Amino acid sequence: TDSKIEISESIAEVLDRKISFLENEIKNKPTVTITFFIPDANKKGGAYKTFTGKLTIINRDTNTLSFHTGEQISIHSIIDIESDLLPYDI
């Protein structure tokens, strides 16, 4: 298993800006690629997974991103977000 990476405050701010930008594009169901951590239920650590899909809901109350496939990802587990829609300088 892998250890969970603790992201820096500056990376957390960039991720938050990306999510905020995508909130404004949500009606277009933007295609995004998310890299996130999944904890192992049986032992310390876990694994990183990359998922690509059409983003349909950003729920700030539950801190989740939801996709057209039904996949839900905790915002707190995300270490990277990529999309062709995101400005280079975000």
Side-chain angles (χ1 to χ4, degrees):
T1 62
D2 295 322
S3 297
K4 184 176 181 185
I5 298 168
E6 295 300 323
I7 60 171
S8 67
E9 189 173 318
S10 62
I11 298 289
E13 289 172 3
V14 169
L15 291 172
D16 189 58
R17 285 196 302 270
K18 288 180 176 184
I19 291 169
S20 294
F21 181 87
L22 291 168
E23 277 180 309
N24 293 323
E25 298 293 326
I26 202 74
K27 65 185 176 296
N28 300 320
K29 296 183 173 73
T31 298
V32 297
T33 299
I34 307 289
T35 302
F36 62 104
F37 185 76
I38 302 172
D40 188 307
N42 300 316
K43 56 186 172 183
K44 187 176 180 179
Y48 283 92
K49 178 179 176 184
T50 299
F51 175 82
T52 301
K54 291 184 184 292
L55 184 62
T56 56
I57 299 169
I58 297 172
N59 188 326
R60 294 287 188 160
D61 291 331
T62 60
N63 290 310
T64 56
L65 305 183
S66 299
F67 294 84
H68 71 291
T69 59
E71 179 91 20
Q72 290 191 327
I73 298 172
S74 168
I75 289 172
H76 300 298
S77 69
I78 296 171
I79 62 165
D80 191 34
I81 301 172
E82 297 176 15
S83 175
D84 291 342
L85 289 178
L86 291 170
Y88 176 73
D89 60 350
I90 201 163

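All values derive from a computational prediction rather than experimental measurement.
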Under the salt bridge (Lys or Arg N to Asp or Glu O under 4.0 Å) rule, collect the residues that match up with Glu13, sequence neighbours excluded. none
Under 3.5 Å: donor-acceptor pair, side chain of Thr56, backbone of Ser66: yes
Tell me whether Thr33 contacts the main-chain N or O of Thr50 through its side chain, where contact means a donor paired with an acceptor under 3.5 Å. no
Please confirm whether the backbone N or O of Pro30 pairs with a side-chain atom of Asn28, one donor and one acceptor, at under 3.5 Å? no
Could you list the residues that satisfy ring pair (Phe, Tyr, Trp, His ring centres under 6.0 Å) with Phe51, not counting sequence neighbours? Phe67
Of the non-hydrogen atoms in Val32 and Ser83, which two are nearest, and what is the gap between them? CG1-CB, 3.7 Å
Does Asp80 reach the side chain of Lys18, with side-chain heavy atoms less than 4.5 Å apart? yes
Any salt bridge between Asp89 and Arg17, counting N to O under 4.0 Å? no
Is Phe21 close to Leu86 at the side-chain level, that is, under 4.5 Å between some pair of heavy atoms? yes
If you take all heavy atoms of Thr1 and Asp40, which pair is closest and at what distance? CG2-OD2, 3.5 Å
Could I get the full list of side-chain contact (heavy atoms from CB on, under 4.5 Å) partners for Asp2, not counting sequence neighbours? Tyr48
Can you check whether Thr52 reaches Thr31 side chain to side chain, under 4.5 Å on heavy atoms? yes
Given side chains that start at C-beta, do those of Arg60 and Ile19 come closer than 4.5 Å, heavy atoms only? yes
Just wondering, do Ile78 and Leu65 contact through their side chains at under 4.5 Å, heavy atoms? yes
